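Below: one structure, written as structure tokens.
A quick note: this is a predicted structure, and the numbers were derived from the prediction, not measured.
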2 protein chains.
Amino acid sequence: MRIGELAALAGTSPRALRHYESLGLLPARRDHRGHRDYDENDLRLLRQIRVLQDFGFGLEETRPFVECLRAGHPSGDVCPASLATYRAKLAELNAFIDELTQVRDEVRTRLQHAEAVTAPAPACVFNPLPEPPHRKAPPCPTPPP
Amino acid sequence: MRIGELAALAGTSPRALRHYESLGLLPARRDHRGHRDYDENDLRLLRQIRVLQDFGFGLEETRPFVECLRAGHPSGDVCPASLATYRAKLAELNAFIDELTQVRDEVRTRLQHAEAVTAPAPACVFNPLPEPPHRKAPPCPTPPP
DNA sequence: GTAGGCCCTGACGTCGGTGTCAACGCCAGC
DNA sequence: GCTGGCGTTGACACCGACGTCAGGGCCTAC
């Protein structure tokens with residue numbers, strides 16, 4: 001099948017596939033006129049790439065999984081290199097989540113402090129109460145999104 | 001004070017300060033020879049920028065805080081625009097954390113599944129046991145990092 | 001013949017926050 | 001006068017995963 005076809009099947013773009021090929025991640029056979037020619041197996045590899053990408057894996061990080069599939073394994077994640085990549089990503093995610101959580105708590109604290117110092121709550125918008133004119137109204141619960 | 005001096009005091013680089021000026025974030029007076037000339041107040045503004053940057057704020061997101069300080073407020077975060085920026089950042093952080101958490105759980109699940117399918121645990125490295133040759137060894141507890 | 005549709009390669013643009021040149025000016029100390 | 005050290009501006013480099021454009025080829029249908 002041709003590049004546009006495969007791209008559509010995998011929900012991506014021809015440009016992306018050319019990029020993958022340029023990285024050696026998804027090389028393509030060529031037909032008589034030089035057009036890229038893909039088959040069902042390429043679709044499998046491509047789907048593997050896309051799934052991992054959705055998890056935030058970089059393209060290089062998908063390589064072990066793709067190689068694993070190409071080596072004939074029914075699943076891309078059973079090879080040692082894939083497992084190692086999973087574990088590294090997991091550690092990375094955990095570290096990142098921790099960091100972000102700390103930042104969030106700090107920002108939240110600063111926000112609350114600033115709110116307390118600032119003008120005495122202009123009455124929660126979604127629950128307007130006549131407020132006494134000064135200081136320390138109960139914090140507005142997060143309004144419904 | 002001169003640019004190198006201020007940069008050193010704030011733990012950043014002259015290049016960064018020039019960049020901030022190019023954004024109109026931290027404009028500088030000039031001395032008789034065209035060199036940038038900063039004072040203590042600029043140092044306050046710069047510190048505000050850096051703190052927020054450490055929290056992952058983009059430079060544009062620090063602008064309300066800097067303006068607030070420049071307007072004479074003792075703290076950069078008491079102005080309405082600063083509060084709004086805090087709230088937006090908080091929402092962004094929460095959304096991001098949630099997303100990352102979901103991804104992490106998914107990755108963890110996949111890892112566990114792949115581990116279970118793979119070679120029957122080549123004996124937990126930090127607790128080697130002679131294993132019967134097939135399937136479903138108890139999962140290695142996460143090895144100490 | 002020509003228009004449309006798909007394909008090709010190659011190269012530059014994007015986003016943010018600098019790092020790192022290049023080429024120059026100005027001042028102090030020797 | 002020359003060197004070193006600081007400053008100046010302007011411009012390009014980086015990271016990643018493509019988007020987008022330019023310029024051209026091949027095939028099919030009208």
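Here the P atom of nucleotide dG17(C) and the CG atom of L26(B) are 15 Å apart, to the nearest Å. For I3(B) and dC6(D), the CD1 to C1' distance is 11 Å, given to the nearest whole Å. What separates CG of L17(A) from P of dC18(D) is a distance of 9 Å, to the nearest Å. For the pair E5(B) CD and dG5(D) C1', the computed distance is 14 Å after rounding to whole Å. Between the CZ atom of R30(A) and the P atom of dC7(C) there is a distance of 12 Å, rounded to whole Å. Put simply, NE2 on H19(A) is 15 Å from C1' on dT20(D), counting in whole angstrom units. Whole-Å rounding puts the D31(A) CG to dC26(D) P distance at 12 Å. When the C1' atom of dT9(C) is taken as reference, atom NE2 of H35(A) falls 12 Å away, rounded to whole Å.
Counting only residues at least two apart or on different chains, the ring pair (Phe, Tyr, Trp, His ring centres under 6.0 Å) pairs with a member in residues 77-115 of chain A are F65(A)-Y86(A), F96(A)-F96(B). Pairs of residues two or more places apart, or lying in two chains, never qualify as ring pair (Phe, Tyr, Trp, His ring centres under 6.0 Å) while including a residue from residues 11-37 of chain A.
S82(B) places no side-chain N or O within donor-acceptor distance of the main-chain N or O of V78(B), the cut-off being under 3.5 Å. Distance alone, capped at 3.5 Å, places no donor-acceptor pair between the D37(A) side chain and the R30(A) backbone. Counting only distance, with no hydrogens or angles, the side chain of R87(B) and the backbone of L111(A) share no donor-acceptor pair below 3.5 Å. Within the 3.5 Å criterion, the main-chain N or O of P74(B) finds a donor-acceptor partner in the side chain of R44(B).
Between H32(A) and A16(A), the residue whose closest nucleotide on DNA chain D is further toward the 5' end is A16(A).
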What string of B, S and - do you get for nucleotides 10-15 of chain C 5' to 3' if you count protein non-hydrogen atoms under 4.0 Å?
-B----

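At a threshold of 4.0 angstrom between heavy atoms, the contacts of S13(B) are confined to the sugar-phosphate backbone, with no base atom among them. Using a 4.0 Å heavy-atom distance criterion, R18(A) is classed as a base contact.
Taking CZ of R2(B) as the start and CG of L6(B) as the end, the distance is 12.0 Å to the nearest 0.5 Å. Separating the CG atom in L90(A) from the CG atom in D105(B) is a distance of 9.0 Å, to the nearest 0.5 Å.
Comparing the helix axis at one end of the helix from dG1(C)-dC30(D) to dC30(C)-dG1(D) with that at the other, each defined from 5 consecutive pairs, gives an inter-axis angle of 50° (nearest 10°).
In terms of the side-chain contact (heavy atoms from CB on, under 4.5 Å) criterion, residue partners of L93(A) (sequence neighbours excluded) are, by chain and number, K89(A), L100(B), V103(B), R104(B), V107(B).
Under 4.0 angstrom from either OP1 or OP2 of dC8(C) there lies no side-chain N or O belonging to R33(A). A sub-4.0 Å separation between OP1 or OP2 of dG17(C) and a side-chain N or O of Y20(B) is absent.
Applying a 4.0 Å cut-off to non-hydrogen atoms, none of the residues of residues 41-70 of chain A approaches DNA chain C.
The side chain of R2(B) lies closest to dG7(D), out of dG7(D), dT18(C), dC7(C).
A salt bridge links E60(A) with R63(A): at least one charged nitrogen is closer than 4.0 Å to a carboxylate oxygen. The pair D42(B)-R29(B) meets the salt-bridge criterion, with a side-chain N (NZ, NE, NH1 or NH2) lying under 4.0 Å from an Asp/Glu carboxylate O.
By the 6.0 Å contact criterion, CD on E40(B) is open, its count of non-hydrogen atoms from other residues, nucleotides or ligands being 12 or less.
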